[in-house]
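The model shown is predicted, which means the values in this text are computed figures rather than measured ones.
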Amino acid sequence: MTRLRLWLLAFGGAGLAALLVAGCLDLPHFGGRWHPYGERAVHASLDRHTANTIASVNFDQRAYDTLGEMSILFSAVLGCVVLLRQARGEHRARPEPADVARPMRRYALLVLPVALVTGLYVIAHGQLSPGGGFQGGVVAATALHLLYLGADYRALERVRPLGVFETTDALAVCSYVVLGVASLLAGTAFLANTLLPYGTFDTLSSGGSVPLLNAAVGMEVASAVVVLLAGFLDQAVEIEEEGS
């Protein structure tokens, strides 16, 4: 059985290597001004009133691939939550307030709302300018944790109800899939950008379904990062072994 598996692995690896070599041989010359995929991507982006071509690729032309990336993050966070859950030999101790230097406190509390608004702005304008759900979600989630640096862990817990963020994470993934199913029910392909009018170019309402998918990803990434960091922070701050 082991030998058979090795032969199957070698056969699959050889086939993959052959496909990679064949693909590399047909690549455009390096450093050229023209690229066939790039030209088509830009044309499709402008045709569907999406000013940011990267957003058009992520949430329109290759929206199915983005669903895979989103699912990987969701699965990774789910795995961490399961592995980092409180075990039988552990108890949860209330964290002690930390002494924070006054300049650090002032800086963190001053930057927190600015960083949060910046994250939401990056998400909302993902179809217009560089950024989007992935980047903005990380910025928004990081902004909340400035409260941990500027105050203490208990202050962070008060503005970070984990149940809400866990539910939001799941709902964001489901909403992305629902938009794809809606496209199927409308008689087109899964996640096809045909549900909404494309709107006026270079406005928040442009791009058809791109802003909705981008918002779903931003909500999922922000919630996932909060839940993920909560698991590690709980281990470092609250959860202790019995007798310690």
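Cluster membership for Leu146 and Tyr107, using ILVMFWY side-chain heavy atoms within less than 4.5 angstrom, is shared. Val57 and Leu191 are assigned to two separate hydrophobic clusters, defined by single-linkage of ILVMFWY side chains at heavy-atom distances under 4.5 Å. One hydrophobic cluster, built from ILVMFWY side chains closer than 4.5 Å, holds both Phe201 and Val42. When hydrophobic clusters are built by joining Ile, Leu, Val, Met, Phe, Trp and Tyr residues whose side-chain heavy atoms come closer than 4.5 Å, directly or via intermediates, Val122 is not grouped with Met219. A continuous path of ILVMFWY side-chain contacts below 4.5 Å connects Phe190 to Val173, so both sit in one hydrophobic cluster.
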Checking side chain to side chain contact (heavy atoms under 4.5 Å, CB included) for the pair Glu69/Asn58: CA distance, chi angles, key distance, verdict? CA-CA 10 Å; Glu69 298 169 3; Asn58 289 337; 5.7 Å; no
Candidate pair Leu179 and Phe59, rule side chain to side chain contact (heavy atoms under 4.5 Å, CB included), full reasoning: CA-CA 11 Å; Leu179 288 171; Phe59 305 111; over 6 Å; no
Show, in sequence, the C-alpha distance, side-chain angles and deciding distance for Arg158 and Leu156, and conclude whether the side chain to side chain contact (heavy atoms under 4.5 Å, CB included) test is met. CA-CA 5 Å; Arg158 286 194 290 268; Leu156 174 62; over 6 Å; no
Going through the checks in order, is the side chain to side chain contact (heavy atoms under 4.5 Å, CB included) test met by His43 and Glu39? CA-CA 6 Å; His43 182 271; Glu39 293 292 330; over 6 Å; no
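The main-chain N or O of Gly163 is found under 3.5 Å from a side-chain atom of Thr167 such that the two form a donor-acceptor pair. Looking at His49, its side chain does come within 3.5 Å of a backbone N or O of Gly199 through a donor-acceptor pair. In this structure, Ser209 contributes its side chain and Leu195 its backbone to no donor-acceptor pair below 3.5 Å. A donor-acceptor pair is defined here as one N or O able to donate and one able to accept, closer than 3.5 Å; such a pair exists between the side chain of Asn193 and the backbone of Gly207. No donor-acceptor distance shorter than 3.5 angstrom exists from the side chain of Asn214 to the backbone of Gly132, with no hydrogens or angles considered. No donor-acceptor pair closer than 3.5 Å links the side chain of Thr50 to the backbone N or O of Gln127.
Counted within 6.0 Å of OH on Tyr198, heavy atoms from surrounding residues, nucleotides or ligands total more than 12; the atom is thus considered enclosed. Around OH of Tyr64, the count of heavy atoms belonging to other residues, nucleotides or ligands within 6.0 Å does not exceed 12. The number of heavy-atom neighbours closer than 6.0 Å to CZ of Phe11, taken from other residues, nucleotides and ligands shown, is 12 or below.
Separating the CD atom in Glu166 from the CG atom in Leu78 is a distance of 9.5 Å, to the nearest 0.5 Å. In this structure, CG in Asn52 is found 10.5 Å from CG in Asp202, a value given to the nearest 0.5 Å. Atom NE2 in His125 sits 10.0 Å away from atom OG1 in Thr203 (nearest 0.5 Å). In this structure, OH in Tyr148 is found 5.5 Å from CG in Leu233, a value given to the nearest 0.5 Å. Atom CG of residue Leu6 and atom OG1 of residue Thr2 lie 7.0 Å apart, to the nearest 0.5 angstrom. Between Arg160 atom CZ and Leu144 atom CG the span is 9.5 Å, to the nearest 0.5 Å.
When the options Val227, Leu229, Leu228 are evaluated for a side chain to side chain contact (heavy atoms under 4.5 Å, CB included) with Cys80, the one that passes is Leu228.
Scanning all heavy atoms of the two residues, the minimum distance from Tyr176 to Ala63 falls at OH-O, 2.8 Å. A pairwise comparison of heavy atoms in Leu196 and Gly208 identifies CD1-O, 3.7 Å as the closest pair.
Inter-residue side-chain proximity for His145 and Val226 is flagged as met; some heavy-atom pair is nearer than 4.5 Å. Put simply, the side chain of Thr66 does not reach to within 4.5 Å of the side chain of Leu213, judged on heavy atoms. Between Thr200 and Ser205 the shortest side-chain heavy-atom distance does not fall below 4.5 Å. Proximity of Ile72 to Met70: side-chain heavy atoms (C-beta onward) are nowhere separated by under 4.5 Å.
Partners of Arg62 by side-chain hydrogen bond (donor to acceptor under 3.5 Å, both in side chains), not counting sequence neighbours, listed by chain and number: Asp65. Gln61 meets the side-chain hydrogen bond (donor to acceptor under 3.5 Å, both in side chains) test with Ser56; sequence neighbours excluded.
Grouped with Leu204 in one hydrophobic cluster are Leu128, the linkage being side-chain heavy-atom contacts under 4.5 Å among Ile, Leu, Val, Met, Phe, Trp and Tyr residues.
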